Amino acid sequence: MPDVERLAVLKALGDNTRYAIYLELARSASPRSTADIADTLALHPNTVRPHLERMREVGLLDVEVDGRGSVGRPQHRYLLAADAPSLGLEPAAYPLLARLLAAAASSAGVAPDGAAAASHEAGRALARRTPGRSCVESLSRALDELGFDPAVAAKDGLATIAFTHCPYRELAEAHPEIVCNLHRGLIEGFVEQQGGADVDRFGTLIDRDPCQVELSLK
C-alpha cells in the first residue's frame, strides 16, 4: 500500500468510534447494515453512517446493496474490503489450514455422507446453545451468526432457508462434495437436536437449486 493511502487508512482508524465500528465489522462473518452496527454499539444510525462512508472512501470497506423483501430504498450492508487489514482478528494460518484439510479429505475420497456424518454432532451442539421459539428461528439465528445471511420463506408447513452469503465460498467451489456436505451435516444435526422439523432437501453448489435447505415443519 502506498504511503499516502496508508496514512489515509491510519487517519480513518484514529477516531475511537470509527475504530469500534471497524472492529465490529472485522469480527462479523457476514455483511452488516448501518442499523445492525448502531444497535450493537448502542449508537444512533446517523452517527454510524458517516463513519462507514469515510472508511469506504479510503478503501477499508466494501458495500453490498440488498433489496430483498424491503420497501423503499435498498439496504446497504458493509463488510471489510478484501485487502483491508484484519487487525489480527483472523489468524493467517486458519484459512490455509482449512484449504489443506478440505484438499486432504477430497484426496482421501471422503464420500458426501461421510462428510455430513463428521459434522453432525457439531450441529447438535450448536443447537443446544442457540435459543429460539422454533426450529426455523433458531436455525436462522445460528446460520446468521456463522455468516450465511439466511433468507427464510415459510408456507403451508414448509420452510426454505436460502444461504445468500457463504463464508466458505472459495473452499466450497473447490471442494463442494466436502464443504457443502459438512454444512449439510451441521444443519441435519441441528434440526435433529432442536426438533420441530425435518430436513427434506439440502441444495449443494452442484445441485439445481443450490445453497438452501428445505424443511418440513411438525
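Remember, predicted model here, so these are calculated numbers, not experimental data.
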Q.
Whether the side chain of T47 engages the backbone of L43 through a donor-acceptor N/O pair (distance < 3.5 Å, no angle test) should be reported.
A. no
Q | Within residues 41-50 or reaching into it, pairs that qualify as salt bridge (Lys or Arg N to Asp or Glu O under 4.0 Å) - sequence neighbours excluded | A | none
Q: Without swapping roles, check the side chain of S119 against the backbone of A122 for a donor-acceptor pair under 3.5 Å.
A: no
Q.
For R133, I'd like to know if atom CZ has over 12 heavy atoms of other residues, nucleotides or ligands within 6.0 Å.
A. no
Q | Side-chain donor or acceptor of H165 paired with backbone N/O of G147 under 3.5 Å | A | yes
(Q) Whether E121 and R128 form a salt bridge (side-chain N of Lys/Arg under 4.0 Å from carboxylate O of Asp/Glu) is what I want to check. (A) yes
Q) About how many Å separate CD of E188 and CG of N181, when rounded to the nearest 0.5 Å? A) 8.5 Å
**Q.** L215, T160, D209 screened by side-chain contact (heavy atoms from CB on, under 4.5 Å) with R201, the one that passes
**A.** D209
**Q.** Salt-bridge contact R77-D62 (side-chain N to carboxylate O under 4.0 Å)
**A.** no
Q: For the residue pair F202 and F163, categorise the inter-ring angle as parallel (less than 30°), tilted (30 to 60°) or perpendicular (more than 60°).
A: tilted
Q. Distance-only, no hydrogens or angles: does the D198 side chain make a donor-acceptor pair with backbone N or O of D200 under 3.5 Å?
A. no
Q | Sole residue of R32, E24, E53 in side-chain hydrogen bond (donor to acceptor under 3.5 Å, both in side chains) with Y78 | A | E53
(Q) Check this for me: N16, atom CG, are more than 12 non-hydrogen atoms of other residues, nucleotides or ligands nearer than 6.0 Å? (A) no
(Q) Could you go through E192 and H120, starting from their C-alpha distance and side-chain angles, then the distance that decides it, and tell me whether this counts as side-chain contact (heavy atoms from CB on, under 4.5 Å)? (A) CA-CA 9 Å; E192 180 181 289; H120 191 271; 3.3 Å; yes
Q | Carboxylate-amine/guanidinium proximity below 4.0 Å for R141 and E145 | A | no
Q: Pick out which of I178, L101, V179 makes a side-chain contact (heavy atoms from CB on, under 4.5 Å) with L171.
A: V179
Q. NE2 of H183 to CD1 of I187: how many Å apart, nearest 0.5 Å?
A. 3.5 Å
**Q.** Donor-acceptor side-chain pairing of E173 and Y168 below 3.5 angstrom
**A.** no
Q | Side-chain donor-acceptor contact under 3.5 Å, D149 with S30 | A | no
